[in-house]
Amino acid sequence: MTEWIQDYAQSLREKTEDLKRERRLAEDLLHQMLPKTVAKQLRQNRHVKAESYEKVTIFFSDIVGFTTISASCTPLQVVEMLNNLYMCFDTRIDSYDVYKVETIGDAYMVVSGLPERNGDKHADEIAKMSLDLVAAVRQVPIPHMPNKRLQLRAGIHTGPCVAGIVGYKMPRYCLFGDTVNTASRMESTSLPQKIHASSATYLALMKDNAYELQLRGEIEVKGKGKMNTYWLIGHKNYSVQNDSLVCHWNPNISRKKKAPVGSNVSIENVENCGSSFGTLGSMVGALQGEQEKEERLPEQHHDKSSLLPGAVSHS
């Protein structure tokens with residue numbers, strides 16, 4: 001009887017551990033689809049209230065020529081290409097204080113400043129992430145076009161928004177407000193391998209004067225009228241970039257531990273990269289053609305009040 005009780009107790013412990021492990025897996029999966037705070041409320045059968053955020057920065061991107069690329073390959077190749085791209089992006093954004101909202105086709109949406117507020121850091125986090133992703137996309141191969149690489153078109157905007165759960169079946173954590181629309185417009189009016197920033201994001205980034213931005217000028221934005229917008233070129237202090245090399249990414253190999261800030265990276269390794277970009281800092285200038293460099297305004301630091309939406313640039 002004693003032996004039977006001991007065996008039963010051991011079996012019970014094993015089953016308890018299995019149950020705990022399965023519960024952790026279920027929670028991890030839920031946390032990948034919803035913010036942890038929201039998932040916790042849903043597990044407790046509580047109503048999740050929509051929440052307002054005074055300042056966030058939103059990033060949108062899509063693949064240049066995606067329709068043409070998709071038309072020339074099989075559906076399985078499209079899925080493989082997008083899966084490789086999103087796996088690459090998903091592993092990289094872990095280095096930043098951002099939250100991936102969703103993907104729709106080839107569109108990738110990320111936000112900083114929610115669901116956890118981070119003060120005034122949201123614009124900086126999205127800017128660093130944007131530079132990283134625009135460089136990283138060059139590593140992702142096109143299955144049926146091995147000699148070509150994908151190109152990204154990105155847009156970012158800063159402003160208020162509302163976030164909440166929508167739907168009963170397959171509930172989604174969605175963002176609402178004009179900030180979302182404007183960020184989407186920044187992306188749709190961007191150019192290949194460019195990061196298009198609104199004047200609101202420009203002002204947020206210029207507080208620390210850590211980024212190099214180029215005035216694009218006044219453009220017509222659907223539903224918004226004329227707006228002054230900017231190109232995000234790069235970070236002035238490359239040593240703060242927290243990623244090592246943007247090359248030879250392999251979706252079948254898990255991400256290696258990133259090199260510590262200040263670690264030595266040999267020039268030979270950079271030159272041997274399959275991508276045209278080495279460190280994140282080295283992509284500065286690569287985003288711009290020589291002709292566009294000549295068109296750069298001689299002075300980048302204008303009176304900020306003249307750079308608000310609707311203001312006329314004096315170039």
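Counting from 1, the numbers follow the sequence of the chain as shown. Keep in mind it's a predicted model, so treat the numbers as computed, not measured. Just so it is clear, the values below take in all heavy atoms, side chains as well, and ignore hydrogens, waters and symmetry mates.
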Heavy atoms from other residues, nucleotides or ligands near [atom1] of [X] exceed 12 (cutoff 6.0 Å):
X	atom1	result
R117	CZ	yes
E220	CD	yes
E3	CD	no
D120	CG	no

Within the structure provided, determine whether [X] and [Y] are in side-chain contact (heavy-atom separation under 4.5 Å).
X	Y	value
M109	I104	no
I219	K226	no
E14	E17	no
K148	I69	no
D124	D208	no
Q193	L152	yes
R149	V137	no
L76	E80	no

Any side-chain donor paired with an acceptor under 3.5 Å for [X] and [Y]?
X	Y	answer
D90	Y108	yes
S112	H122	no
T189	H196	yes
N209	K236	yes
Y8	Q10	no

Nearest 0.5 Å, what's the [atom1]-[atom2] distance between [X] and [Y]?
X	Y	atom1	atom2	value
R92	D132	CZ	CG	4.0 Å
S199	R216	OG	CZ	13.5 Å
I5	L12	CD1	CG	13.0 Å
H235	Y211	NE2	OH	4.0 Å
S11	Q6	OG	CD	13.5 Å
T158	I58	OG1	CD1	8.5 Å

Out of curiosity, does [Y] fall in the hydrophobic cluster containing [X] (side-chain heavy atoms, cut-off under 4.5 Å, transitive links)?
X	Y	result
V78	I63	yes
I195	M206	yes
L232	L203	yes
F60	V162	no
V64	W231	no

Sub-3.5 Å donor-acceptor pair from the side chain of [X] to the main-chain atoms of [Y], do we have one?
X	Y	result
S188	R185	yes
R153	K194	no
T201	A197	no
T91	C88	yes
E212	I233	no
T103	A107	no

Applying the side-chain hydrogen bond (donor to acceptor under 3.5 Å, both in side chains) test to D18, which of K20, R21, K15 qualifies? R21
Closest non-hydrogen atom pair, [X] against [Y]:
X	Y	value
T179	P160	OG1-O, 2.5 Å
A163	L114	CB-CD2, 4.3 Å
A154	S190	O-OG, 3.0 Å
Y53	P115	OH-O, 3.2 Å

Are Y99 and Y173, when compared by the centres of their aromatic rings, separated by less than 6.0 Å? yes
Please work out which of the three classes, parallel, tilted or perpendicular, describes the rings of Y86 and F89, given edges at 30° and 60°. tilted
Hey, mind stepping through V111 and L175 against side chain to side chain contact (heavy atoms under 4.5 Å, CB included) and telling me if it holds? CA-CA 9 Å; V111 63; L175 309 186; 4.0 Å; yes
In terms of side-chain geometry, is the basic nitrogen of D97 or K121 positioned less than 4.0 Å from the acidic oxygen of its partner? no
Just do the side chain to side chain contact (heavy atoms under 4.5 Å, CB included) check on T57 and H157 with the steps written out, would you? CA-CA 6 Å; T57 299; H157 176 59; over 6 Å; no
Under the side chain to side chain contact (heavy atoms under 4.5 Å, CB included) rule, what do M129 and V110 come out as? Steps first, then yes or no, please. CA-CA 10 Å; M129 181 207 72; V110 182; 3.6 Å; yes
Hey, mind stepping through K224 and N181 against side chain to side chain contact (heavy atoms under 4.5 Å, CB included) and telling me if it holds? CA-CA 10 Å; K224 304 292 296 182; N181 297 331; over 6 Å; no
